[in-house]
Each structure stands twice: as structure tokens, then as C-alpha cells.
Amino acid sequence: MNYKSFIAGAMAFALAACAAGCGDKKDSDSKPDSNKETTAPTEETTAEVTTESEPPEPVDATDPNTVTFDDGVFDFAFSKSDDDDCAKGELSVVELMGNKMLKFTDDNTVPLEGKVQKIGISATKLLGNEGAAKVRSIEFDVYAQATADNLKTDDAEGVRAPGWIGGGGGTVTAQDKWYDFKEFSGGEYNFETSGNVHAVFKFLLADSGQCWSADMEDANFLIMRWGVANESDLYIDNIVFYDEDGNSIPLLAQKFEKEQLEDAAKEKASEVNAEIGEAVENAKAEAEKTKEEMKAEYEKAVADLKADFEKAKEDIENSDKYKEIDAKIKEAEEKLKEDTAKAKEAIEEASRAIEEAKKK
């Protein structure tokens, strides 16, 4: 390509320029000392030509702890534009090829030659201080979309494509030293929108303390795209942070959401237990009530039977038939008394007669 020689020079220039002007914040995006040695030497990369037969598609997130920008939140990101070589522009979250991403809209006021598009990401805001201290590598996807028909290739001029995409990044570590991550390169893209360029930033000197710590006020890093061959906007998606064991680090928002779900589950369980307890108490009370009611009904039934019996007895005693029978019984009893008295008298008379006969 006609601009390859320019890119090679631009990359060398950008490295030097970025080391001198990658930030002015107090912590990891603060301006490094140009007299200090770079802690992690970068490796020169060679642009590869990506031949595309059809437009590329975005890459979906596969890790649960991925910053996908699907929620539209990007308060942890900032554009850096206070250096002479920095592109000027604004950040937003937009949908690109059906996928929401962080977009740096370049206003193209800075000439292409030597221009670097810079986006800062605060790991502390995403992971918290303790989470940021665990970071040993960062992975993300980079895209570019052409906004002008100014790309000149070996085959044509006035092409609306971003061309070669590459860059690097860096941060200020806990030792207040600037640390350059390894460069990334995704080749050349001939459609208006590129495919994803997967970048990997590693703290290769973490064992010597060249990484973030929990004491840092704002651990953040810069993503830089240089060698811009055509007016185009930069997109970032699918940011994932990994610890020393290669495990992804949970995001604060996801941890908060998980805690909320756990709290909601506990609260719901407590409510259910309370409802069950209330239901049991109500059942006990209802059982006691039923028991008392049954006892009262039984006692009432017994009392009613006794009352009915007494009434029946009284009714029988007061009836004419009962009186007639009672009179006959009394009459018989009187006659029995008379007969008994007569028999007794006859026996006594016979006894006297016998005694008299014995005397003679």
C-alpha cells in the first residue's frame, strides 16, 4: 500500500509521542517521565492484509464478567485529547452492526499524520480497588468505521474504508511508573466498518510490582490507535479483566446485582417462612377452635338428650294411661297389704289353737 511506509514511521513516532503525553491524571493516566526507561518494551508488528469477501460481523461476549456497554453506561471511560497528537472527539455508546459499543467520534480537526486516538478506561470504577489490584491482563475488541472516502490503496483511490488498524496502550502502575503494553494489530480492512481487532494487554512485570494496587485512587489505562490512514471513528467492546490464574474478575455492577438478587432471595425466603409460620399458627388456632366447637356441640347434644329424656319421663308420668296403671299398682299394693295382714292373723290364730290343744 502507498501508506505503509507512513505507518511504519507513524508507529515509531506514536510510541515516542504516547510515552510523552499519554495522560495528566494523578494515577494511572498521569504523564510518564520521559527520562525513565519503559518498563515493558514493545514489539514491532507488521501489518497483515485482511482480504474480506463480505462485511465482517461483531464478536459477541462469552464471559459473564464482560463490559459489553449494552446498558449504555460509560462513566468509567474518558477521551484523552490534551496532547498535540491526540485526536479530538467525544465518547458515546451506539449500536454498530447490531451490537452496542463505546464510540469515539473523531471530529477530524487533528491531521491524520501522527494522530493518535486515545480512550481511557478506569479499572477502579469497574472493579473497585481490590478488584483492580488483582488484574494481570486485559482483553477487548477494537473496531473502526470510515467516515470519509479518502483511503488510497494499491488498487484504488477514494476508498471508504478504515484501512490498517493497530495501536497499543499503557498505564501508570502502583510504583508510579509508566508501563507500555504490547502493541496490537488487526491488518487492513476494506469495508466501511472493520471486523474486530482483539487486543490483549498484560502486566508482564507484575511480579516486580509493575501492576495496580488497592491503594491507587484511580487505576486506569489508555487504549491508543495510531497509524490512522483514513478519517474514521474508533469503537471499543467486550472488555474483560483477568487475574493471575486467568479467571475473569467480576465487575462491581454485576457483584452489586448478584448481591441484590441474593438479598431479594433471602427477603423472599423470609417472607415465605413468615407466611408459612402464620399459616401454621392459623391452622393450630383453627384446630383448637374446631376442637372446642366439637366439644361444645357434644355437650349440648348430651344435655339435649337428658332434657328430652326427662321431658319424656314427665310426659309419661302425666299421661292418663300412666295414672290408671299407677292407680291399679297402688290398689294391688293395698290389697297385698290386706291379704298379708289376714294371712298373718290366720297364722297367729292357728298357732294359738295349737297351743291350746297341747295344754289339754
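Only a predicted model underlies this, so the values are computations on that prediction, with no experimental measurement involved. Below, each value reflects all heavy atoms present in this structure, side chains not excepted, and no hydrogens, waters or symmetry copies.
With N99 as reference, D237 is the one residue of D237, N238, N196 to meet the side chain to side chain donor-acceptor pair (under 3.5 Å) rule.
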Inset, instruction - Applying side-chain contact (heavy atoms from CB on, under 4.5 Å), run through I236 and D141 and close with a yes or a no. - result: CA-CA 6 Å; I236 304 295; D141 293 313; over 6 Å; no
Inset, instruction - List the steps, then state whether side-chain contact (heavy atoms from CB on, under 4.5 Å) holds for K103 with F69. - result: CA-CA 10 Å; K103 177 184 180 182; F69 299 99; over 6 Å; no
Inset, instruction - Any chance you could lay out the side-chain contact (heavy atoms from CB on, under 4.5 Å) test for I249 and N65, step after step, and finish with the verdict? - result: CA-CA 6 Å; I249 302 173; N65 300 316; over 6 Å; no
Legend entry - Full working for ring pair (Phe, Tyr, Trp, His ring centres under 6.0 Å) between F181 and Y179: CA-CA 6 Å; F181 294 117; Y179 188 94; 5.5 Å; yes
Inset, instruction - Could you walk me through whether E333 and K330 pass the salt bridge (charged side-chain N to carboxylate O under 4.0 Å, His left out) test, one step at a time? - result: CA-CA 5 Å; E333 288 177 346; K330 289 179 178 179; over 6 Å; no
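L127 is listed as a side-chain neighbour of L251, based on a closest heavy-atom distance under 4.5 Å. In this structure the side chain of I239 reaches within 4.5 angstrom of the side chain of I138, judged on heavy atoms. Taking 4.5 Å as the limit, some side-chain heavy atom of K118 sits within range of a side-chain heavy atom of D85. T66 places none of its side-chain heavy atoms less than 4.5 Å from the side chain of F140. By the 4.5 Å heavy-atom criterion applied to side chains, R225 and S232 are counted as neighbours.
Here E338 pairs with nothing under the side-chain contact (heavy atoms from CB on, under 4.5 Å) rule; sequence neighbours left out. Residues satisfying the side-chain contact (heavy atoms from CB on, under 4.5 Å) criterion with D245, sequence neighbours excluded, are D243, N247. In this structure, the side-chain contact (heavy atoms from CB on, under 4.5 Å) partners of A133, at least two apart in sequence or on a different chain, are A214. With sequence neighbours left out, the salt bridge (charged side-chain N to carboxylate O under 4.0 Å, His left out) criterion links E192 to R160. For K328, the salt bridge (charged side-chain N to carboxylate O under 4.0 Å, His left out) partners at least two apart in sequence or on another chain are E324. With sequence neighbours left out, E231 forms a side chain to side chain donor-acceptor pair (under 3.5 Å) with no residue at all. Legend: residues meeting side chain to side chain donor-acceptor pair (under 3.5 Å) with S351, ordered by chain and number and at least two apart, are absent. For A279, the side-chain contact (heavy atoms from CB on, under 4.5 Å) criterion is met by no residue, not counting sequence neighbours. Here D106 pairs with K115 under the salt bridge (charged side-chain N to carboxylate O under 4.0 Å, His left out) rule; sequence neighbours left out.
Here the closest non-hydrogen pair linking A132 and A219 is CB-CB, 4.2 Å. Minimum heavy-atom separation, L102 to A77: CD2-CB, 3.8 Å. For L252 against G128, the heavy-atom pair with the smallest separation is CD1-N, 3.4 Å. Among all heavy-atom pairs drawn from P56 and S194, the shortest one is CG-C, 3.4 Å. Of all non-hydrogen atoms in S248 and V240, the two that sit nearest each other are CB-CG1, 3.9 Å.
Distance check: E244 CD to D207 CG gives 8.0 Å after rounding to the nearest 0.5 Å. Taken to the nearest 0.5 Å, the NZ atom of K344 stands 13.5 Å off from the NZ atom of K337. The structure places CH2 of W212 at 10.5 Å from CZ of R136, a figure rounded to the nearest 0.5 Å. Once rounded to the nearest 0.5 Å, the distance linking CG of N129 with OG1 of T124 reads 5.5 Å. In this structure, the separation between OG on S213 and NZ on K134 is 14.0 Å, given to the nearest 0.5 Å. Here the NZ-CD distance, from K202 to E139, works out to 7.5 Å after rounding to the nearest 0.5 Å.
In this structure a side-chain-to-backbone donor-acceptor pair under 3.5 Å is missing from Q210 to K177. Checking side-chain atoms of Q117 against main-chain N and O of G89 turns up no donor-acceptor pair under 3.5 Å. Within the 3.5 Å criterion, the main-chain N or O of S81 finds a donor-acceptor partner in the side chain of K88. A donor-acceptor pair under 3.5 Å is formed between the side chain of N230 and the backbone N or O of A161. The closest donor-acceptor contact from the side chain of T171 to the backbone of N220 lies under 3.5 Å.
Through side-chain heavy atoms spaced under 4.5 Å, either directly or across other Ile, Leu, Val, Met, Phe, Trp or Tyr residues, Y143 is tied to V59, V94, L96, M97, M101, Y235.
The residues R352 and E349 are annotated as salt-bridged, a charged nitrogen and a carboxylate oxygen being separated by less than 4.0 angstrom.
In terms of hydrophobic clustering, with Ile, Leu, Val, Met, Phe, Trp and Tyr side chains grouped at heavy-atom distances under 4.5 Å, F221 and L91 are assigned to a common cluster. Grouping the Ile, Leu, Val, Met, Phe, Trp and Tyr side chains by contacts below 4.5 angstrom, directly or via other members, places I121 with M216. Linking ILVMFWY side-chain heavy atoms closer than 4.5 Å, directly or via other members, places I165 and V110 in two distinct hydrophobic clusters. I223 and V197 fall within the same hydrophobic cluster, where Ile, Leu, Val, Met, Phe, Trp and Tyr residues are linked whenever their side-chain heavy atoms come under 4.5 Å apart, directly or through other members.
Aromatic ring centres of F203 and Y242 lie farther apart than the 6.0 Å criterion allows.
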Sequence neighbours excluded and cut-off under 3.5 Å, please list the side-chain donor-acceptor pairs for residues 297-304, or say none.
| unit_1 | atom_1 | unit_2 | atom_2 | d |
| --- | --- | --- | --- | --- |
| K300 | NZ | D304 | OD2 | 3.1 |

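The list of side chain to side chain donor-acceptor pair (under 3.5 Å) pairs with a residue in residues 67-79, not counting sequence neighbours, reads T68-D70.
Side-chain N/O atoms of T109 and D107 include a donor and acceptor closer than 3.5 Å.
Counting non-hydrogen atoms of other residues, nucleotides and ligands closer than 6.0 Å to CD of E345 gives a total of 12 or fewer.
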